[in-house]
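Since the structure comes first, as structure tokens, the remarks are kept for the end.
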Amino acid sequence: MKLKPNYFIIPLIVIGVSVVGSVFTSQSVNGWYQTLNLPSWTPPGSIIGAVWTVLFILIAISALIFWNRAKRNRIFGVIVGVFLLNAVLNVLWSYLFFGKHLMMWGFVEIIFLEFSIIALIVMIWPFSRIASVLLWPYAGWVALAGYLNYLIWILNS
């Protein structure tokens, strides 16, 4: 197997998204976040961190499979653009919710994040069903996070 630059670049992008998002999260998780009224079923931080670790691994694998299987055409460029948009939206949610404590805007933004994941799942399916399916847990987790974000917003308004 020949090592290609994408085997390093894609995981580095995913790690970058994870690190930048965690910077915003860590600034508030032991302070502001602990002062909030949370639903009783809110997962503990250790579970949330573990789930995100698995999700970022699945996202990287999905992106690598897609990158290596898809023909380089216009739709390829669109899908790469949606992957990059998704990365920005992922970080933006952490910035809005944890960095700026804007729960309502975090909720609005997470809806766009969820749509970008669903778009990726649908657009990648014709190129690789495996790469598409690997994003399903991400979509499910973000939907749950969106619901949690909504409830936290309502409970603290």
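No experiment lies behind these values; they were computed from the predicted model shown.
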* Considering all heavy atoms, the nearest L55-P137 contact -> CD2-C, 3.6 Å
* Structure fact -> Heavy-atom closest pair (V17 atom, A87 atom, distance to 0.1 Å) is CG2-CB, 3.5 Å
* To do: Would you check, one step at a time, whether the test side chain to side chain contact (heavy atoms under 4.5 Å, CB included) holds for L102 with F97?
  => CA-CA 5 Å; L102 299 171; F97 187 86; over 6 Å; no
For the hydrophobic clusters of this structure (ILVMFWY residues joined by side-chain heavy atoms under 4.5 Å, transitively), does one cluster hold both [X] and [Y]?
{"X": "F56", "Y": "L12", "result": "no"}
{"X": "Y95", "Y": "V23", "result": "no"}
{"X": "I10", "Y": "V133", "result": "yes"}
{"X": "V19", "Y": "W93", "result": "no"}
{"X": "V122", "Y": "I59", "result": "no"}

* Going from CG on L134 to CD1 on I124, what distance comes out if it is rounded to the nearest 0.5 angstrom? -> 9.5 Å
* Inter-residue atom distance S157.OG - M104.CE, 0.5 Å rounding -> 9.5 Å
List the atom pairs, with distances to 0.1 Å, where a side-chain N or O of residues 30-39 and a protein N or O form a donor-acceptor pair under 3.5 Å, not counting sequence neighbours.
residue : atom : partner : partner atom : Å
T35     : OG1  : W32     : O            : 2.6
N37     : ND2  : L155    : O            : 3.4

* Report the C-alpha distance between L151 and W41 in whole Å, list the side-chain angles of each, state the deciding distance to 0.1 Å, and finish with yes or no for side chain to side chain contact (heavy atoms under 4.5 Å, CB included). => CA-CA 11 Å; L151 291 177; W41 56 268; 3.6 Å; yes
Which donor-acceptor pairs under 3.5 Å do the side chains of residues 61-69 make with protein atoms, sequence neighbours left out?
residue : atom : partner : partner atom : Å
S62     : OG   : A131    : O            : 2.7
N68     : OD1  : N6      : ND2          : 3.1
N68     : ND2  : L64     : O            : 3.0
R69     : NH1  : S128    : OG           : 3.4

* To do: Quick one: do L58 and Y138 satisfy side chain to side chain contact (heavy atoms under 4.5 Å, CB included)? Show the steps, please.
  => CA-CA 8 Å; L58 294 176; Y138 181 30; over 6 Å; no
More than 12 non-hydrogen atoms from neighbouring residues, nucleotides or ligands closer than 6.0 Å to [atom1] on [X], yes or no?
{"X": "F76", "atom1": "CZ", "result": "yes"}
{"X": "R72", "atom1": "CZ", "result": "yes"}
{"X": "I154", "atom1": "CD1", "result": "yes"}

Heavy-atom donor-acceptor pair, [X] side chain to [Y] backbone, under 3.5 Å:
{"X": "S28", "Y": "T25", "value": "no"}
{"X": "N149", "Y": "A145", "value": "no"}
{"X": "S18", "Y": "V14", "value": "no"}

Table please: side-chain donor-acceptor pairs of residues 105-119 below 3.5 Å, with sequence neighbours left out.
residue : atom : partner : partner atom : Å
E114    : OE1  : A143    : N            : 3.2
S116    : OG   : N86     : ND2          : 2.8
S116    : OG   : L113    : O            : 2.7

